[in-house]
J.: 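Below you will find the structure I want to go over with you.
Below, all heavy atoms of this structure are taken into account, side chains as well, without hydrogens, waters or symmetry copies. We count ligands from 1, going down the list as the structure has it; atoms in each ligand are counted the same way.
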Amino acid sequence: MSETEKIRVRFAPSPTGHLHIGGARTALFNWLLARGRGGKFVLRIEDTDRSRSTEEYIESIIEGMRWLGLDWDEGPYRQTDRFDTYKKHIDRLIAEGKAYHCYCTPEELEARRKEALAKGASLKYDGRCKDLKEPVPDRPASVRFKMPQAGNIVVEDMIKGNIVFENSQLDDLIIARSDGTPTYNFVVVVDDVDMDITHVIRGDDHLNNTPKQIHICRALGHDVPKFGHLPMILGSDKARLSKRHGATSVTAYRDEGYLPAALVNYLVRLGWSHGDQELFTRDELIKLFSFENVGKSAAIFNPEKLLWLNAEYIKSTPPDELSELVMPFLIEDGTVTEGSKPGRAYLSRAIATLVERARTLVELSEKLRFYLIDDANIEYQEKTMKKFLNEKTRPYLEDIHAGLASVEAFTHDNLEEIFKSVMEKHDVKLGKVAQPVRVAMTGGTESPGIFEVLDVLGKEKTLNRLQKAINTTTKE
Ligand code: GLU
């Protein structure tokens, strides 16, 4: 087996919220590492904090991963299914003298902590239970890991380089509470060891856990994985990213009409760069991504750039594909129903006229509406109707109607010729004729070029809509 085939990368979210921007970026970097090097990508849910982990959040994280196209080779494993394994490892460490029972109660520990704080002394556990020869009867016991105290430990970080921690700073960590439940820093390592994880990529808010986790990993007799700690993502005010900065969950971006490919492209640039290239296909990312080009400083979240990227992706996605992607939004809007979906070809042609104007699928869905509703349901705003459908414009509409009724095909040349002849007859500019026609077709005053619109709508719809507008013309 070659070196690269052994790569095992994991993404290990704690489901205390939906998959947010930071979590999604971590997932993506892990995924790219695995895919780029032919490794395995393992999804593991760190749900031991039961008071904060909910099923809804677990579902939402998985949904977010699927939607982003970050497929995994193993899992989702759940820590709550693995308590027996943790227990086995705790027992083993005790038997090997690498962990010990501690009989100090939380109240005692808190009192000592306060005292130390008042004296300005070290807050570390004083180690009084470390060398007990006999168990203390009738006292609940937690289990502590014997942290090595001499010398230094070096975290060799793929992004930050070598970071040195003094072992004397590290506490004898509680690995099991007195009720037997294992603690976070322990179970993470047991999982990484058991799952043979070779690479751990996570946010740098975990960096202080890493020296402890390395010691535990060694005590469990396993090779230490390679670590990479990603700089945080900040809002434009340099505060830690939150909803306040317009950052929401991955599934919320989906619902707001972002394309997964656009969000992936956006996420990868939060910390990684390849020259000044902005747009990447997924294959390119898999090929080009490397930790050498991940920045050391915090990335700034910029919602306008995400919107710009999304608009770029809408422009470059084939209309046929967009017709699939926009369908849930059209259904949500009530523009179409499951039973009355428009023909794919018609929808694609309508979309092609709008891709330059819609930045999200929500906008695309709204702008598509006039193409898809029944002719009889075109509605004009009161003011628009008065301004554009009146006695003065009525003759233009009638002449356009007559002209269009007489041609077979709605080619650009045919349409232009008809509009020209009406303009000449009434001695008016194109806008004077085109705008009432636009209102007749769409109900509003903004749309793609009028010839494009007529071409998509086709003869029957166009004539119906013109007739409806003629019938509603009002006195100015
Ligand atoms: N569960 C941790 C989190 O959600 C990640 C820990 C890790 O990757 O080791 O931040």
J.: Can Gln79 and Asp47 be counted as having a side-chain donor-acceptor contact under 3.5 angstrom?
T.: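 The criterion, which ignores hydrogens and geometry beyond distance, is not satisfied for Asp47 and Gln79.
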J.: Show the nearest heavy-atom pair for residues His215 and Pro148, with the distance to one decimal.
T.: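 Of all heavy-atom pairs spanning His215 and Pro148, the closest is ND1-CG, 3.4 Å.
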J.: Could you identify the single nearest non-hydrogen protein atom to atom 4 (O) of ligand 1 and state the distance to 0.1 Å?
T.: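 The closest heavy atom on the protein side is Ser14 N, 3.0 Å.
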J.: To which protein heavy atom is atom 10 (O) of ligand 1 closest, and what is the distance rounded to 0.1 Å?
T.: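 Answer, as residue, atom name and distance: His206 NE2, 2.9 Å.
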J.: How far is atom 6 (C) of ligand 1 from the closest protein heavy atom, and which atom is that?
T.: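 Going by distance alone, atom 6 (C) of ligand 1 is nearest to Tyr184 OH, 2.8 Å.
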J.: Counting heavy atoms only, which of Pro15, Gly17, Ala12 comes nearest to atom 2 (C) of ligand 1?
T.: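 The residue whose heavy atom sits nearest atom 2 (C) of ligand 1 is Ala12.
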J.: Pick one of side chain, backbone, both or neither for how Phe227 approaches ligand 1, counting any non-hydrogen atom pair under 4.0 Å.
T.: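 Within the 4.0 Å criterion, Phe227 makes no contact with ligand 1.
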J.: State whether the side chain of Thr210 and the backbone N or O of His206 hold a donor-acceptor pair below 3.5 Å, judged by distance alone.
T.: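 It does hold such a pair.
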J.: Of the protein's non-hydrogen atoms, which lies at the shortest distance from atom 8 (O) of ligand 1, and what is that distance?
T.: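 Residue, atom and distance for the closest contact: Arg10 NH1, 2.6 Å.
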J.: To the nearest 0.5 Å, tell me how far Tyr184 OH sits from Thr48 OG1.
T.: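 Answer for the OH-OG1 pair, Tyr184 versus Thr48, is 8.5 Å.
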J.: Is there a donor-acceptor contact under 3.5 Å linking the side chains of Asn293 and Ser273?
T.: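 There is no such pair between these side chains.
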